Amino acid sequence: MPTSKPMLVGVTGGIGSGKSTVCKIFEALGVPVYNSDNRAKSLMVEDKRLVEAIKAAFGEEAYPDNQNLNRSFLAKEVFSNPSKLQKLNSLVHPAVGRDFASWVAVQSSQPYVIKEAALLFETGSNNSLDSIVLVTAPEELRVSRVLARDPQRNEKQVRDIIGNQLKDEEKKKLADYMLNNNEQELLVPKVVALHQALLTAAAKKAAKEA
């Protein structure tokens with residue numbers, strides 16, 4: 001009998017939308033969550049294939065002691081150079097994809113799992129997932145959240161990041177579910193209701209594939 005595969009759900013949202021908060025609630029409900037951004041940082045040190053590719057693209061200075069990643073050097077290299085940023089992403093995202101596939105392989109007993117990623121649509125990762133949840137919030141609230149949690153950033157930097165990300169209006173056309181994290185309504189009941197909807201969808205998918 002073939003091993004069952006959980007339904008794959010993506011959770012995304014622009015900076016300050018609160019997608020990580022949403023994912024923490026899902027985790028509290030027992031849903032496994034794969035944090036793409038955190039794993040990417042780890043893989044840039046742990047994945048030998050990725051490390052060698054980054055060295056080849058950006059030079060030995062990216063790993064000055066052949067082990068630790070010089071993050072500040074790499075950040076300066078790609079910060080205002082879209083082609084270099086695209087190059088870095090083209091190396092990192094496939095490595096994350098391989099790592100995610102390995103992670104999913106050991107989650108076969110779960111009805112569904114979550115892939116949390118800021119750049120889900122931008123990287124095309126959404127195409128390999130069954131459903132997408134978009135977390136949204138008003139821009140002013142997003143800016144204030146980021147400034148509160150990252151005091152080293154200024155308002156212009158945060159608005160520049162928002163400006164460089166795909167607009168929510170475009171993401172809404174591609175998402176299956178939406179969560180408005182505007183702090184005007186309680187978030188937990190919304191996530192619990194969505195959890196039930198996803199469990200139902202996962203059961204239907206499993207029945208269809210049986």
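No hydrogens, no waters, no symmetry mates; every other heavy atom, side chains included, goes into these values. Predicted model, so just to flag it, every value in this text is computed and none were measured.
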> Short question: side chain of R145, backbone of G16 - any donor-acceptor pair under 3.5 Å?
yes

> State, with a plain yes or no, whether a side-chain heavy atom of I54 is found less than 4.5 Å away from one of M44.
yes

> Is a side-chain donor or acceptor of K190 paired with a backbone partner of N180 at a separation under 3.5 angstrom?
yes

> Kindly give the heavy-atom pair with the smallest separation between P32 and Q107, and that separation in Å.
CG-OE1, 3.5 Å

> Report yes or no: does R159 contribute a side-chain atom to a donor-acceptor pair with the main-chain N or O of E139 at less than 3.5 Å?
no

> Does the pair M7 and E209 meet the rule for a side chain to side chain contact (heavy atoms under 4.5 Å, CB included), with working shown?
CA-CA 11 Å; M7 186 172 77; E209 293 173 354; over 6 Å; no

> Which atoms form the tightest heavy-atom contact between P6 and S108, and what is the distance?
CD-CA, 4.1 Å

> When you check the side-chain N and O atoms of S20 and E116, is any donor under 3.5 Å from an acceptor?
yes

> Under 4.0 Å between a side-chain nitrogen and a carboxylate oxygen: does that hold for K156 and D160?
yes

> F100 vs S36, test: side chain to side chain contact (heavy atoms under 4.5 Å, CB included). Steps then yes/no.
CA-CA 8 Å; F100 177 64; S36 299; over 6 Å; no

> Do K41 and R71 have side chains that approach each other closer than 4.5 Å (heavy atoms only, starting at C-beta)?
yes

> Tell me which pairs pass ring pair (Phe, Tyr, Trp, His ring centres under 6.0 Å) where either residue lies in residues 178-210, with sequence neighbours left out.
Y112-H195

> Do V33 and V113 make a side-chain contact, defined as non-hydrogen atoms from C-beta onward lying under 4.5 Å apart?
no

> Do T21 and L187 come close enough that some side-chain heavy atom pair is under 4.5 Å?
yes

> Less than 4.0 angstrom from a charged side-chain N to a carboxylate O is my criterion; do R39 and E46 meet it?
yes

> Could you state whether V31 and V11 fall into the same hydrophobic cluster, counting links through intermediate Ile, Leu, Val, Met, Phe, Trp or Tyr residues with side-chain heavy atoms under 4.5 angstrom apart?
yes

> Flag yes if W103 and V9 sit in one hydrophobic cluster, no otherwise; membership is Ile, Leu, Val, Met, Phe, Trp, Tyr, and two members link when side-chain heavy atoms are under 4.5 Å apart.
no

> Would you say S17 and T136 make side-chain contact, with heavy atoms under 4.5 Å?
no

> Are Y34 and I114 side-chain neighbours, meaning at least one heavy-atom pair lies under 4.5 Å?
no

> Got a donor-acceptor contact below 3.5 angstrom from the D47 side chain to the L50 backbone?
yes

> Pick from D176, L179, T12: which one makes a side-chain contact (heavy atoms from CB on, under 4.5 Å) with V133?
L179

> I'd like to check the ring-ring contact (aromatic ring centres under 6.0 Å, His included) partners of F121; sequence neighbours left out, ordered by chain and number.
none

> Nearest 0.5 Å, please: how far is CG in L194 from CG in L198?
4.5 Å

> May I ask you to test the C23-E27 pair for a side-chain heavy-atom distance under 4.5 Å?
no

> Taking it one step at a time, do I161 and R153 satisfy side chain to side chain contact (heavy atoms under 4.5 Å, CB included)?
CA-CA 11 Å; I161 293 169; R153 296 188 195 271; 3.2 Å; yes

> Do V96 and L74 sit in one hydrophobic cluster, given that two such residues count as connected whenever their side-chain heavy atoms are within less than 4.5 Å of each other, even indirectly?
yes

> Yes or no on side chain to side chain contact (heavy atoms under 4.5 Å, CB included) for N68 and Y63, after CA distance, side-chain angles and deciding distance?
CA-CA 6 Å; N68 294 310; Y63 295 86; over 6 Å; no

> For the residue pair S72 / N70, report whether a side-chain donor-acceptor contact shorter than 3.5 Å exists.
yes

> Distance from L43 atom CG to D99 atom CG, nearest 0.5 Å?
4.5 Å

> Does E60 reach the main-chain N or O of K55 with its side chain, forming a donor-acceptor pair under 3.5 Å?
no

> Check whether R142 reaches the backbone of I15 with its side chain - one donor and one acceptor, N or O, closer than 3.5 Å.
yes

> How long is the span from the CG atom in L166 to the CD atom in E170, to the nearest 0.5 Å?
6.0 Å

> Do L174 and Y177 belong to the same hydrophobic cluster, where Ile, Leu, Val, Met, Phe, Trp and Tyr are linked whenever their side-chain heavy atoms lie under 4.5 Å apart, directly or via other members?
no

> Answer yes or no: is there an ion pair linking E52 with R49, defined by an N-O contact shorter than 4.0 Å?
no

> I'd like to know if L119 and V135 are part of one continuous hydrophobic network [Ile/Leu/Val/Met/Phe/Trp/Tyr, side-chain heavy atoms within less than 4.5 Å].
no

> Roughly how far apart are L120 CG and K115 NZ, rounded to 0.5 Å?
6.5 Å

> Where the side chain of Q157 meets the backbone of N154, is there a donor-acceptor pair that is under 3.5 Å apart?
yes

> Look up atom CG in D130 and atom CG in L8, then write down how far apart they are to the nearest 0.5 Å.
5.0 Å

> Quick one: CD1 on I162 to NZ on K167, what's the gap to the nearest 0.5 Å?
9.0 Å

> In terms of heavy-atom contacts, does NZ of K87 have more than 12 from other residues, nucleotides or ligands at under 6.0 Å?
no

> N182 and P138: which non-hydrogen atoms are nearest, and at how many Å?
CB-CD, 4.0 Å

> For the residue pair S144 and L141, what are the closest heavy atoms and their distance?
OG-O, 2.8 Å

> Is the Lys NZ or Arg CZ of K84 less than 6.0 Å from the centre of F58's six-membered ring, within 45° of the axis?
no

> Just by modelled atom types, is the S83 backbone N or O under 3.5 Å from a matching donor or acceptor in the N81 side chain?
yes

